Amino acid sequence: MGDAHPYFPLDLHLPGYVPMQVDFDYILGVFFTAVLVVFAATWWLSGRYSHLTRGERVMACWFTISGIIHFVIEGWVVTKADFFKDASGNYLSDTWKEYSKADSRYASRDSFIISMEAVTAFLWGPLCPLLVWGIFTAKPWRYALMLVVSSGQIYGDVLYYGTCYLEGFIHSRPEALYFWFYFVFVNAIWIVVPFCCVAHAWGKISKAVAAAGGGGRKGKKA
């Protein structure tokens, strides 16, 4: 018989599980308020750089928010192995208790999940603010870094979905909130937006190479 917890599969062994100490509304309220504050602050700061287009300012906001989510929230689940036992009411622990209803592999410390999240938190996390600085100051390497970070986000998300599919989605609760909103919709954001960033960076790099004479046409005429 499994331990008393809300996760699927129901026979998942989680000794010492402690229910959430804060309300669901509080978790979502704090998260979305923080996202709006960070977006507004980054948008205001980006306005000080007159060379930025509106699209570049939006991308700066995206990478600022992503970097914080990767390093702080995802970094917590990597370093706090027993978050499901936390009875302190810690916001981050209870956030992961809630999200684990959509994917219990976080609570069970699945080796793929923790490895993938470690790369996301401690590689893409710090690189995101570096990229934002590169966007603000028009560094020549910003498009290459955007291509790397965004491709890494897409790759991790595709593997995330893929492993769940191959295992038959047995780690997700069936309710629409947990499966369709948390698991499908929220994670899909890190495929759709990075894909747009990849397309943007690809176009900029291609134009720069062509302008530098790297298209091969001049060589053929010579």
Side-chain angles (χ1 to χ4, degrees), residues 2-22 24 27-28 30-31 34-35 63 65-88 90-128 148-195:
D3 302 296
H5 59 69
Y7 308 126
F8 273 43
L10 295 176
D11 61 354
L12 181 66
H13 185 55
L14 289 176
Y17 168 76
V18 175
M20 291 169 52
Q21 304 297 297
V22 300
F24 162 80
I27 289 176
L28 290 188
V30 170
F31 177 79
V35 167
F63 285 109
I65 293 168
S66 283
I68 294 172
I69 290 174
H70 291 335
F71 190 75
V72 177
I73 298 180
E74 293 172 271
W76 183 264
V77 79
V78 173
T79 58
K80 183 70 172 176
D82 59 348
F83 70 86
F84 62 89
K85 300 179 182 179
D86 193 342
S88 68
N90 179 278
Y91 174 81
L92 293 174
S93 291
D94 277 12
T95 295
W96 282 109
K97 289 179 188 180
E98 175 67 13
Y99 182 78
S100 292
K101 296 173 184 176
D103 190 347
S104 64
R105 294 180 298 172
Y106 286 90
S108 63
R109 308 301 288 177
D110 177 84
S111 58
F112 164 74
I113 289 293
I114 300 306
S115 299
M116 180 269 292
E117 290 290 5
V119 172
T120 301
F122 303 122
L123 183 57
W124 309 141
L127 286 178
C128 281
V148 170
V149 172
S150 298
S151 296
Q153 291 174 324
I154 294 171
Y155 181 67
D157 224 359
V158 169
L159 290 181
Y160 179 68
Y161 279 133
T163 52
C164 289
Y165 170 76
L166 292 174
E167 294 177 0
F169 301 106
I170 62 173
H171 307 286
S172 301
R173 291 192 62 89
E175 294 89 346
L177 174 65
Y178 305 123
F179 184 77
W180 290 108
F181 182 67
Y182 286 178
F183 178 74
V184 176
F185 176 76
V186 173
N187 286 291
I189 294 172
W190 270 269
I191 290 180
V192 175
V193 179
F195 181 82

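Everything quoted here is computed from the prediction, not taken from an experiment.
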Asks: State yes or no: are the ring centers of Tyr106 and Phe84 separated by less than 6.0 Å?
Replies: no
Asks: Distance-only, no hydrogens or angles: does the Asp94 side chain make a donor-acceptor pair with backbone N or O of Met20 under 3.5 Å?
Replies: no
Asks: Report yes if some heavy atom in the side chain of Leu177 is under 4.5 Å from a heavy atom in the side chain of Phe183; otherwise report no.
Replies: no
Asks: Using side-chain heavy atoms (C-beta onward) and a distance below 4.5 Å, is Ser115 in contact with Glu117?
Replies: no
Asks: With the side chain counted from C-beta on, respond yes when Phe181 and Val186 share a heavy-atom pair under 4.5 Å apart, and no when they do not.
Replies: yes
Asks: Looking only at heavy atoms, which two atoms of Ser93 and Asn90 are closest? And how far apart?
Replies: N-OD1, 3.0 Å
Asks: Enumerate the side chain to side chain donor-acceptor pair (under 3.5 Å) contacts for residues 181-194, please, sequence neighbours excluded, ordered by first and then second residue.
Replies: Ser66-Trp190, Glu98-Tyr182, Tyr99-Asn187
Asks: Looking at side-chain heavy atoms only, is the closest gap between Thr79 and Phe122 below 4.5 Å?
Replies: yes
Asks: Working note: Tyr160 + Tyr165, criterion ring-ring contact (aromatic ring centres under 6.0 Å, His included); need CA distance, chi angles, decisive distance, verdict.
Replies: CA-CA 9 Å; Tyr160 179 68; Tyr165 170 76; over 10 Å; no
Asks: Indicate whether any N or O donor in one side chain lies under 3.5 Å from an N or O acceptor in the other, for Asp103 and Tyr178.
Replies: no
Asks: Does any part of the side chain of Pro194, heavy atoms only, come nearer than 4.5 Å to the side chain of Ser151, both counted from C-beta?
Replies: no
Asks: Rounded to the nearest 0.5 Å, what's the gap from CD1 on Ile65 to SG on Cys128? Could you check?
Replies: 11.0 Å
Asks: Hey, is the main chain of Val184 close enough, under 3.5 Å, to the side chain of Tyr161 for a donor-acceptor pair?
Replies: yes
Asks: Do the side chain of Ser100 and the main chain of Trp96 share a donor and acceptor less than 3.5 angstrom apart?
Replies: yes
Asks: Quiz question: by atom type and distance under 3.5 Å, do the side chains of His70 and Gln153 form a donor-acceptor pair?
Replies: yes
Asks: Show the nearest heavy-atom pair for residues Leu92 and Ile73, with the distance to one decimal.
Replies: CD2-CG1, 4.0 Å
Asks: Check for a donor-acceptor pair, side chain of Lys97 on one end and backbone N or O of Tyr17 on the other, with a separation under 3.5 Å.
Replies: no
Asks: I want to check something: taking the side chain as every heavy atom from C-beta on, are Phe112 and Leu159 in contact at a cut-off of under 4.5 Å?
Replies: yes
Asks: Show your working on side-chain contact (heavy atoms from CB on, under 4.5 Å) between Ile69 and Phe31 and close with a plain yes or no.
Replies: CA-CA 10 Å; Ile69 290 174; Phe31 177 79; 4.0 Å; yes
Asks: Any idea which heavy atoms bring Ser150 and Phe63 closest together, and the distance?
Replies: OG-CZ, 3.5 Å
Asks: If we ignore hydrogens and angles and just use 3.5 Å, is the side chain of Arg109 paired with the main-chain N or O of Val78 as donor and acceptor?
Replies: yes
Asks: Would you say the side chain of Trp180 lies within less than 4.5 Å of the side chain of Phe185, judging by non-hydrogen atoms?
Replies: no
Asks: Please examine the side chains of Phe195 and Ile154, heavy atoms only from C-beta on, and report whether any two atoms are closer than 4.5 Å.
Replies: yes
Asks: Rounded to the nearest 0.5 Å, how far apart are CE of Met116 and CD of Glu74?
Replies: 7.5 Å
Asks: Restricting to non-hydrogen atoms, name the atom on Leu14 and the atom on Tyr7 that form the minimum distance, rounded to 0.1 Å.
Replies: CD1-CD1, 3.5 Å
Asks: Have Arg105 and Thr163 got a donor and an acceptor in their side chains that come within less than 3.5 Å?
Replies: yes
Asks: Which atom names give the shortest non-hydrogen contact between Trp124 and Gly152, and what distance separates them?
Replies: CZ2-CA, 3.4 Å
Asks: Any sub-3.5 Å donor-acceptor pair from Gln21's side-chain atoms to Pro19's backbone N or O?
Replies: yes
Asks: Going from NE2 on His171 to CZ on Phe169, what distance comes out if it is rounded to the nearest 0.5 angstrom?
Replies: 10.5 Å
Asks: Side chains of Ser108 and Asp110: any donor to acceptor distance under 3.5 Å?
Replies: no
Asks: In sequence, state the C-alpha distance, the side-chain angles, and the governing distance for Phe8 and Ile170, and then conclude on side-chain contact (heavy atoms from CB on, under 4.5 Å).
Replies: CA-CA 7 Å; Phe8 273 43; Ile170 62 173; over 6 Å; no
